[in-house]
Amino acid sequence: MPRPYDVWLSEVMLQQTTVQAVKPYFEKFLRLWPEVTDLARADTEEVMKAWAGLGYYARARNLKKCAEVVATQHGGIFPDTEEGLKTLPGIGDYTAAAIAAIAFGRRSAVLDGNIERVFSRLYRVETPLPAAKPELRALVGEMTPEERPGDFAQGLMDLGATICTPKRPACALCPLNEDCLALKTADPETFPRKAAKKEKPVRVGAAFVAIRPDGSVLLRKRGDTGLLGGMTEVPGTEWTARIDGDTTTASRPFDAEWEACGAIIHIFTHFELRLSVYRANVAARFERNGDPATGNAWWEAAETLKDQALPTVMKKAIAQAIPDAFRPARVTKPRNVPT
DNA sequence: AAGTCGTGGGG
DNA sequence: TCCCCAAGACT
């Protein structure tokens, strides 16, 4: 059976995230911190840098906290029961059951989005999500075998990911097609039932990219709770419900020759952000380190910008102001040499 | 209980 | 282009 540390790390990364997106991050984390005790000792800022781009940053904060608890209160050994695992930060119903089954062979009822879909179709569950979860978990619990419960769970998840897909499920290939109640009524795609979702509001704001002659950029750190908590950003305004007219003038972090360089649109889970981007070239001696107006900011060299804990929306804003900020270093070799 | 919390890819 | 959503947790 796989190491609990590997299972935990991958399951947390896979929360609401595709396997493809997780792969490089999983490998990077194992390379940087091979054991849970390594992660427990790591600098939180380094963990946030390594997580940057993967999203849902509370996961990274909880990952670090969880590693510390396991290291200091459990002697570096993960609890081997579902209940014990659930007490740890960032481990909820699904992740606790998954680790218990996959890493410890426990007969726990694993219920994720894939298995919700498979079982809501198999039993034609009319209750909409998320209200149907207890019912679905009970059905999964009945079917979960004593032997290899981890493989059972992973098999169901693979079935949901490849055959019993949200749209156009490949029912002809499904090993459960003889028993599927939703297939009998020819409408498997309409399951699981779920409540209608509301539309996304628009928020607007401005971001300010200050550049010294050496190419360094002014950055600052966000508070460690809420949206993009603990991550790095360029100075900017609050993001508010759309207001007509320009509100950025009074919100500029400091006086400079700010030049508008367009806007970016970024879609978060529950709102759309329209961020106006401004750029200013400032003098080399320009000092804003620790300035309250810019929120404990610092100057970051151009070469190390890509290694910061910058969420994707901030990389997009900086790239809007400095188009090649995150491109690979210039190759000095002439490009027009025939080969 | 319903809202908050990212991002990138696919249909 | 737009909409959906992906191995959810926390408040």
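Naming convention: chains lettered A, B, ... in sequence-line order (proteins, then strands); numbering from 1 in each chain.
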Considering only the P atoms, how many Å lie between dG3(B) and dA7(C), rounded to the nearest integer?
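Looking at atom P only, dG3(B) and dA7(C) are 23 Å apart.
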Rounded C1' spacing from dA1(B) to dA9(C) in Å
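Between the two C1' atoms, the distance is 15 Å.
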Sugar-phosphate only, base, or nothing, as touched by K198(A) at under 4.0 Å among non-hydrogen atoms:
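Counting heavy atoms under 4.0 Å across all strands, the contact made by K198(A) is with sugar-phosphate only.
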Check every strand shown and say whether P89(A) touches a base, only sugar-phosphate, or nothing at a heavy-atom separation below 4.0 Å.
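The answer is sugar-phosphate, as P89(A) gets under 4.0 Å only of primed atoms, P, OP1 or OP2.
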Would one find a side-chain N or O of K167(A) under 4.0 angstrom from OP1 or OP2 of dC3(C)?
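For dC3(C), neither OP1 nor OP2 has a side-chain N or O of K167(A) closer than 4.0 Å.
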Less than 4.0 angstrom between a side-chain N/O of T95(A) and OP1 or OP2 of dA9(C), yes or no?
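Answer is yes, contact under 4.0 Å.
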Just verifying a value: how many Å separate Q320(A) CD and I264(A) CD1, rounded to the nearest 0.5 Å?
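The CD atom of Q320(A) sits 7.0 Å away from the CD1 atom of I264(A).
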Nearest 0.5 Å please: distance from the CG atom of L39(A) over to the CD atom of E46(A).
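Here the interatomic distance stands at 12.0 Å.
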Roughly how many Å is it from [atom1] in [X] to [atom2] in [N], rounded to a whole number?
X       : N       : atom1 : atom2 : value
I265(A) : dC2(C)  : CD1   : P     : 9 Å
Y94(A)  : dA9(C)  : OH    : P     : 8 Å
L111(A) : dA6(C)  : CG    : P     : 13 Å
M13(A)  : dA9(C)  : CE    : P     : 16 Å
L14(A)  : dG8(C)  : CG    : P     : 8 Å
E272(A) : dT1(C)  : CD    : P     : 13 Å
E116(A) : dA7(C)  : CD    : C1'   : 11 Å
I91(A)  : dC10(C) : CD1   : C1'   : 14 Å

Distances under 3.5 Å between nitrogen or oxygen atoms of protein and nucleotides 5-9 of chain B:
residue	atom	partner	partner atom	Å
dC5(B)	OP1	L227(A)	N	3.2
dC5(B)	OP2	H270(A)	NE2	2.9
dG6(B)	OP1	Y56(A)	N	3.3
dG6(B)	OP1	Y57(A)	N	2.7
dG6(B)	OP2	L228(A)	N	2.5
dG6(B)	O4'	Y56(A)	N	3.2
dG6(B)	N7	T269(A)	OG1	2.6
dG6(B)	O6	Y56(A)	OH	3.1
dG6(B)	N1	Q16(A)	O	3.0
dG6(B)	N2	Q16(A)	O	3.3
dG6(B)	N2	T17(A)	OG1	3.1
dT7(B)	OP1	Y57(A)	OH	2.9
dT7(B)	OP1	T312(A)	N	2.6
dT7(B)	OP2	H266(A)	NE2	2.7
dT7(B)	O3'	T312(A)	OG1	3.4

Should the pair Y278(A) and F208(A) be assigned to parallel (<30°), tilted (30 to 60°) or perpendicular (>60°) ring geometry?
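It falls in the parallel class, under 30°.
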Does the side-chain hydrogen bond (donor to acceptor under 3.5 Å, both in side chains) test come out yes or no for Q15(A) and Y94(A), once each step is laid out?
CA-CA 9 Å; Q15(A) 290 166 6; Y94(A) 162 74; over 6 Å; no
State which residues pass salt bridge (charged side-chain N to carboxylate O under 4.0 Å, His left out) with R193(A); sequence neighbours excluded, sorted by chain then number.
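In terms of salt bridge (charged side-chain N to carboxylate O under 4.0 Å, His left out), with neighbours along the sequence ignored, R193(A) is linked to E126(A).
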Are the aromatic ring centres of H270(A) and F268(A) under 6.0 angstrom apart?
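Distance test on ring centres: not under 6.0 Å, no.
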Go nucleotide by nucleotide along DNA chain C from the 5' end; which of N62(A) and V19(A) gets its closest nucleotide reached first?
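Nearer the 5' end of the strand: V19(A).
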Which nucleotide sits closest to the side chain of K197(A): dA7(C), dC4(C), dA6(C)?
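Ranking dA7(C), dC4(C), dA6(C) by closest atom to the K197(A) side chain puts dC4(C) first.
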Before you tell me yes or no, could you show the steps for E83(A) and K86(A) under salt bridge (charged side-chain N to carboxylate O under 4.0 Å, His left out), namely the whole-Å CA-CA distance, both residues' side-chain angles and the distance that decides it to 0.1 Å?
CA-CA 5 Å; E83(A) 311 81 71; K86(A) 261 204 75 171; over 6 Å; no
